[in-house]
Asks: 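Got a structure for you, written out below as structure tokens; questions coming shortly.
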Amino acid sequence: MTRRYWNINLEEMMQAGVHFGHGTRKWNPRMAPYISAKRKGIHITNLTRTARFLSEACDLVFDAASRGKQFLIVGTKNKAADSVARAAIKARTRLHKFRDLRTEQKTGRLNRLPKRDAAMLKRQLSHLQTYLGGIKYMTGLPDIVIIVDQQEEYTALRECITLGIPTICLIDTNCDPDLADISIPANDDAIASIRLILNKLVFAICEGRSSYIRNP
């Protein structure tokens, strides 16, 4: 995999608060190699390591996008809950069931069923809509999943591991850096921090997509 320059700037990351971790009492000891200091009861993330792993992640998604691979970004924090779907990665069958129920609803078949059966299926549809609605047009499982908050999306992360889907995970100082294929140590509470990390990854994906379109 070729290494590229992604304009990852330490000062820009500091301004976004990427370096601020959780309180020193709320941390995972496995994060010790990614922590550079303690300040006023808060762990400070080593931004040099953040830059390194973010650059590796950008290289990975660029390479994957240039080969036409599909991505899913999972994150339900900071008012982004409806933009992604955490359960979309669980199994292809759940996505098919969602589509089947949507079809039955649109054609009026649900209303022709006995009330009890119809009510049960509508509850299932509502549940699947909550979690899968964001990817109802995907034809299958993603090739790479980007997870914004390991603690919040732990179930999705475990499903990725079970299904063998590579993961890129934004991890704060209370997370386990060994679970994802690439872990990016960063503040997962600040919107500016999350936006900066995702913007770099999405830019790399778009660059890869452009390469794929030019050289299919």
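Computed from heavy atoms alone, side chains included, the values below leave out hydrogens, waters and symmetry copies.
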Asks: Find out if a path of hydrophobic residues (ILVMFWY) with successive side-chain heavy-atom gaps under 4.5 Å connects Met14 to Leu198.
Replies: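 Yes; tracing contacts between hydrophobic side chains, which count when under 4.5 Å, links both residues.
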Asks: Kindly write out the residues that satisfy salt bridge (Lys or Arg N to Asp or Glu O under 4.0 Å) with Lys200, not counting sequence neighbours, or none if the list is empty.
Replies: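 If we apply the salt bridge (Lys or Arg N to Asp or Glu O under 4.0 Å) test to Lys200, skipping adjacent residues, the hits are Glu12.
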Asks: Between atom OG1 of Thr48 and atom CZ of Arg52, what is the distance when rounded to the nearest 0.5 Å?
Replies: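 Between atom OG1 of Thr48 and atom CZ of Arg52 there are 11.0 Å.
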Asks: Determine, step by step, whether Ile146 and Val202 satisfy the side-chain contact (heavy atoms from CB on, under 4.5 Å) criterion, reporting the C-alpha distance in whole Å, the side-chain angles of both residues, the deciding distance to 0.1 Å, and the verdict.
Replies: CA-CA 10 Å; Ile146 299 168; Val202 170; over 6 Å; no
Asks: Are Glu152 and Ile147 packed together at the side-chain level, in the sense that at least one heavy-atom pair is separated by less than 4.5 angstrom?
Replies: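 Result no, sub-4.5 Å side-chain heavy-atom pair not found.
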Asks: If we ignore hydrogens and angles and just use 3.5 Å, is the side chain of Thr24 paired with the main-chain N or O of His43 as donor and acceptor?
Replies: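 Checking the backbone N and O of His43 against the side chain of Thr24, no donor-acceptor pair under 3.5 Å is found.
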Asks: Taking C-beta and beyond as the side chain, do Cys175 and Asn28 meet within less than 4.5 Å on heavy atoms?
Replies: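 They are not in side-chain contact.
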Asks: Locate the shortest heavy-atom distance separating Ala64 from Phe71; write the atom from each residue and the value.
Replies: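 That would be CB-CZ, 3.7 Å.
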Asks: When you compare the side chain of Ile194 with that of Asp149, does any pair of heavy atoms fall below 4.5 Å?
Replies: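 Asp149 vs Ile194: side chains apart.
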Asks: Using the rule that Ile, Leu, Val, Met, Phe, Trp and Tyr join whenever any side-chain heavy atoms are under 4.5 Å apart, tell me whether Leu72 and Ile161 fall into a single cluster.
Replies: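 Yes, it is one cluster - the side chains of Leu72 and Ile161 are joined through contacts under 4.5 Å.
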Asks: Nearest 0.5 Å, what's the CG-CD distance between Asn174 and Gln150?
Replies: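 One finds 8.0 Å between CG of Asn174 and CD of Gln150.
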Asks: Could you work out, with salt bridge (Lys or Arg N to Asp or Glu O under 4.0 Å) as the rule, every residue matching Arg30, not counting sequence neighbours?
Replies: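 Checked Arg30 against salt bridge (Lys or Arg N to Asp or Glu O under 4.0 Å); matches are Asp176, Asp178.
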Asks: Atom CD1 of Ile144 and atom CD1 of Ile205: how far apart are they, to the nearest 0.5 Å?
Replies: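 Taking CD1 in Ile144 and CD1 in Ile205, the distance rounds to 8.0 Å.
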Asks: Working to the nearest 0.5 angstrom, can you tell me the gap between Arg39 CZ and Ile44 CD1?
Replies: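 Atom-to-atom, Arg39:CZ and Ile44:CD1 are 4.5 Å apart.
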Asks: Taking the side chain as every heavy atom from C-beta outward, state whether Ile171 and Asp188 have any atom pair closer than 4.5 Å.
Replies: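 They are not in side-chain contact.
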Asks: Indicate yes or no: at least one non-hydrogen side-chain atom of Asn46 is less than 4.5 angstrom from one of Tyr34.
Replies: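 Counting from C-beta outward, Asn46 and Tyr34 never come under 4.5 Å.
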Asks: Sub-3.5 Å donor-acceptor pair from the side chain of Arg49 to the main-chain atoms of Pro33, do we have one?
Replies: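 Yes, Arg49 side chain to Pro33 backbone: donor-acceptor pair under 3.5 Å.
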Asks: Given Val61, which partner from the list Asp143, Ile182, Ile168 fulfils the side chain to side chain contact (heavy atoms under 4.5 Å, CB included) test?
Replies: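 Output: one option passes, namely Ile168.
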Asks: Going by side chain to side chain contact (heavy atoms under 4.5 Å, CB included), Leu201 matches just one of Ile73, Leu54, Leu60. Which one?
Replies: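 Filter result, single survivor: Leu54.
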Asks: Using atom types as modelled and distance alone, determine if a side-chain donor or acceptor of Asn187 lies under 3.5 Å from a backbone N or O of Ser193.
Replies: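 Not confirmed, Asn187 side chain does not pair with Ser193 backbone.
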Asks: With sequence neighbours excluded, what pairs up with Phe20 under the ring pair (Phe, Tyr, Trp, His ring centres under 6.0 Å) test?
Replies: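 Ring pair (Phe, Tyr, Trp, His ring centres under 6.0 Å) check on Phe20 returns nothing, list empty.
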Asks: Which distance, rounded to the nearest 0.5 Å, do you find between the CG of Leu170 and the CD of Glu153?
Replies: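 If I round to the nearest 0.5 Å, the distance is 11.5 Å.
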Asks: Does the side chain of Leu10 reach to within under 4.5 Å of the side chain of Met13, using non-hydrogen atoms?
Replies: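 Counting from C-beta outward, Leu10 and Met13 do come under 4.5 Å.
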Asks: Please name all residues satisfying ring pair (Phe, Tyr, Trp, His ring centres under 6.0 Å) with His19, sequence neighbours left out, ordered by chain then number.
Replies: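 None.
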Asks: Quick one: are Leu179 and Tyr154 in side-chain contact, heavy atoms under 4.5 Å?
Replies: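 Yes, their side chains come closer than 4.5 Å.
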Asks: Taking the side chain as C-beta and beyond, is there a heavy-atom pair between Glu207 and Cys58 under 4.5 Å?
Replies: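 A side-chain contact is absent here, since even the closest heavy-atom pair is not under 4.5 Å.
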Asks: Report the residues that fulfil side chain to side chain contact (heavy atoms under 4.5 Å, CB included) with Thr162, sequence neighbours left out, ordered by chain and then residue number.
Replies: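 Checked Thr162 against side chain to side chain contact (heavy atoms under 4.5 Å, CB included); zero matches.
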Asks: Can you label the angle between the Trp6 ring and the Phe203 ring as parallel, tilted or perpendicular, going by 30° and 60°?
Replies: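 Geometry flag for Phe203 against Trp6: perpendicular rings.
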Asks: Who passes side chain to side chain contact (heavy atoms under 4.5 Å, CB included) against Ala180, sequence neighbours left out?
Replies: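 Thr167, Cys169, Ser183.
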Asks: Between NE2 of His22 and OG1 of Thr45, what distance do you get to the nearest 0.5 Å?
Replies: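 That separation rounds to 9.5 Å.
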